[in-house]
Amino acid sequence: MDRVSKLASDRAVVIFSMSSCCMCHTVKRLFCDLGVNPAIFELDEDPSGKDIERALARMIGRNPPVPTVFIGGRLVGPTDQVMSLHLGGKLIPLLKDAGAIWL
């Protein structure tokens, strides 16, 4: 959990992902299309990816826990939470407050 917290607070937007996950790709694409340059951690390519995956599963209460998004060091959640914020018009203000986008 400590490593997840440290990684999550390193950048304005952090996405924990799996390289072969289609929902992960969708979330990464959304942020890129919004002009965000997120830190992306591909758990299947990281030697400690399994430990991070277990910590994320405990944090969000589901398995598999990817994609998991942090904005401004705070847990936003998986795809459904991100999309709900976006469709509700609340994602862009969060990104602006975190300094991930300026316009």
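Everything numeric in this text was worked out from a predicted model, so none of it was measured. Values below: all heavy atoms of this structure, side chains included; hydrogens, waters and symmetry mates excluded.
Distance CD1/I52 to OG1/T68: 11.0 Å, rounded to 0.5 Å. Remark: I101 CD1 to L34 CG distance equals 6.5 Å, nearest 0.5 Å. Note that CZ of F31 and CG of L95 are 5.5 Å apart. Values are rounded to the nearest 0.5 Å. With rounding to the nearest 0.5 Å, the separation of CG in L43 from CD1 in I40 is 11.5 Å. M18 contributes atom CE, which lies 10.0 Å from atom CD of E45 (distance to the nearest 0.5 angstrom).
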**Prompt:** So Q81 and V69, side-chain contact (heavy atoms from CB on, under 4.5 Å) or not? Walk me through it.
**Reply:** CA-CA 9 Å; Q81 297 295 329; V69 176; over 6 Å; no
**Asked** Could you walk me through whether L94 and R74 pass the side-chain contact (heavy atoms from CB on, under 4.5 Å) check?
**Response** CA-CA 10 Å; L94 270 179; R74 290 186 24 231; 4.3 Å; yes
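Among residues at least two apart or in separate chains, salt bridge (charged side-chain N to carboxylate O under 4.0 Å, His left out) pairs with a member in residues 3-17 are R3-D46, K6-D10. Residue pairs meeting the side chain to side chain donor-acceptor pair (under 3.5 Å) criterion with at least one member in residues 84-102: none, sequence neighbours excluded. Sorted by first and then second residue, the pairs that involve residues 19-33 and meet salt bridge (charged side-chain N to carboxylate O under 4.0 Å, His left out), not counting sequence neighbours, are K28-E42, R29-D33.
Between S17 and C24, the shortest heavy-atom distance links the atoms OG-CB, 3.1 Å. Heavy-atom minimum distance, G77 versus V82: O-CG2, 4.0 Å. For the residue pair M59 and V4, the shortest heavy atom distance occurs at SD-CG1, 3.7 Å. Residues P38 and V36 approach most closely at CD-O, 3.2 Å, considering heavy atoms. Here the shortest heavy-atom pairing between A12 and A98 reads CB-O, 3.5 Å.
Under the 3.5 Å distance criterion, the side-chain polar atoms of D44 are matched with a main-chain donor or acceptor of S19.
By the rule that hydrophobic residues join a cluster once side-chain heavy atoms approach within less than 4.5 Å of another member, I71 and I15 end up as members of one cluster. Under the 4.5 Å side-chain heavy-atom criterion for grouping Ile, Leu, Val, Met, Phe, Trp and Tyr, L30 is not connected to L75 through any hydrophobic cluster.
Under the 30°/60° scheme for interplanar angles, the aromatic rings of F70 and F16 are found to stand perpendicular.
Each of I60, V14, L91, L85 was scored for a side chain to side chain contact (heavy atoms under 4.5 Å, CB included) with V76, with one residue passing: L85.
For D2, the CG atom sits in a loose shell: 12 or fewer heavy atoms of surrounding residues, nucleotides or ligands are nearer than 6.0 Å.
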